[in-house]
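Input: a single structure, listed below in structure tokens.
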Amino acid sequence: MIQKEKILDSLLVTQCQSGNRKAMSLLIKRWNAKLCKHSYWYTNDLETSKDIVQDCWTIILYKINTLKDPNRFGGWALTIVSRKTLDWLKKHKKEKESLQNYQYESLNYKDEKNDNSKEMMSTLRASIKLLPYDQQLVLQLFYIEEYTIREISELINVSVGTIKSRLFTAREKLKLILKNKDYG
């Protein structure tokens, strides 16, 4: 069975190399889930993995003519995804550390206003920490650092639609969290 799949992949790669768009589409359908699963193994974030793999498909299809042995497509594509995922992790590790430092400084900031305001800010910060990292990041970049959605998209290499989705989801989750704490 594995040999038949490898032969089919090899045939699809050969057809892609000669410009057959239908073969490209079939190759993507056959491999997209495997590549996403591979990226997810590193990131533990489905949306991020999908974004990374989408970017990888651009590279794969652009460079497919450089692949000398079509039988090696799977390993070749997985290598591209691995490298891009590791690059993403390195880049975002710094951003995550920066966000954590910012949150730590924010929590230690001495607010001169009344105690009620302090309590509300503390609750808000703690509630934001309950959100997934990617949602915390877009909230920080959008509201605290005042980047536009397009700028955030370019900064973290994620589509504008994904940024909008993450902002919307983060706001909705934050509303629920705060409502459950009787602050909404």
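The figures that follow rest on heavy atoms only: side chains count, while hydrogens, waters and symmetry mates do not.
Evaluation of the ring-ring contact (aromatic ring centres under 6.0 Å, His included) test over residues 11-33, restricted to residues two or more places apart or in two chains, returns W31-F73. Each salt bridge (Lys or Arg N to Asp or Glu O under 4.0 Å) pair with one or both residues in residues 156-165, not counting sequence neighbours, would appear here, but there are none. Note on residues 10-27: pairs passing side chain to side chain donor-acceptor pair (under 3.5 Å), not counting sequence neighbours, are S10-N71. The side chain to side chain donor-acceptor pair (under 3.5 Å) contacts involving residues 55-67 comprise N32-W57, where partners must be two or more places apart or lie in separate chains.
For R72, the side-chain contact (heavy atoms from CB on, under 4.5 Å) partners two or more places apart in sequence, or in a different chain, are D69. Taking the salt bridge (charged side-chain N to carboxylate O under 4.0 Å, His left out) definition, one finds that D51 meets it with R166, sequence neighbours left out. Residues passing the side-chain contact (heavy atoms from CB on, under 4.5 Å) test with A170 are L131, Q135, L139, sequence neighbours excluded. With sequence neighbours left out, W76 forms a side chain to side chain donor-acceptor pair (under 3.5 Å) with no residue at all. When the side-chain contact (heavy atoms from CB on, under 4.5 Å) test is applied to K37, no partner is found at least two apart in sequence or on another chain. Contacts of R30 classified as salt bridge (charged side-chain N to carboxylate O under 4.0 Å, His left out), with partners at least two apart in sequence or in another chain: D9. Residues forming a side-chain contact (heavy atoms from CB on, under 4.5 Å) with L130 (at least two apart in sequence, or on another chain): I177.
Cluster annotation: L137 is not connected to L46 through the hydrophobic network of ILVMFWY side chains, with a link wherever side-chain heavy atoms come within less than 4.5 Å. L35 and I52 are members of different hydrophobic clusters when ILVMFWY side chains are connected at heavy-atom separations under 4.5 Å. When the side chains of ILVMFWY residues are joined at heavy-atom separations under 4.5 Å, either directly or via intervening members, F142 and V160 end up in a single hydrophobic cluster. Criterion: ILVMFWY side-chain heavy atoms under 4.5 Å apart, direct or through other members. Under it, L12 and L67 are part of a common hydrophobic cluster. Under the 4.5 Å side-chain heavy-atom criterion for ILVMFWY residues, a single connected hydrophobic cluster contains both W41 and L86.
Using a 4.5 Å heavy-atom threshold, the side chains of I64 and L27 count as touching.
In this structure, OG1 in T85 is found 13.5 Å from OH in Y40, a value given to the nearest 0.5 Å. Rounding to the nearest 0.5 angstrom, the gap separating the CG atom in D134 from the CD atom in E47 is 8.0 Å. The line from OG1 of T48 to CH2 of W88 is 4.0 Å long, rounded to the nearest 0.5 Å. Separating the OG atom in S127 from the NZ atom in K175 is a distance of 14.5 Å, to the nearest 0.5 Å.
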Contacts table for residues 77-84: side-chain donor-acceptor under 3.5 angstrom, sequence neighbours left out:
from: T79; atom 1: OG1; to: G75; atom 2: O; distance (Å): 2.8
from: S82; atom 1: OG; to: H38; atom 2: NE2; distance (Å): 2.6
from: S82; atom 1: OG; to: L78; atom 2: O; distance (Å): 2.9

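The backbone N or O of I149 sits nowhere less than 3.5 Å from a side-chain atom of S153 that would complete a donor-acceptor pair.
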Steps toward side chain to side chain contact (heavy atoms under 4.5 Å, CB included) verdict (L26, L8): CA-CA 10 Å; L26 288 171; L8 178 58; over 6 Å; no
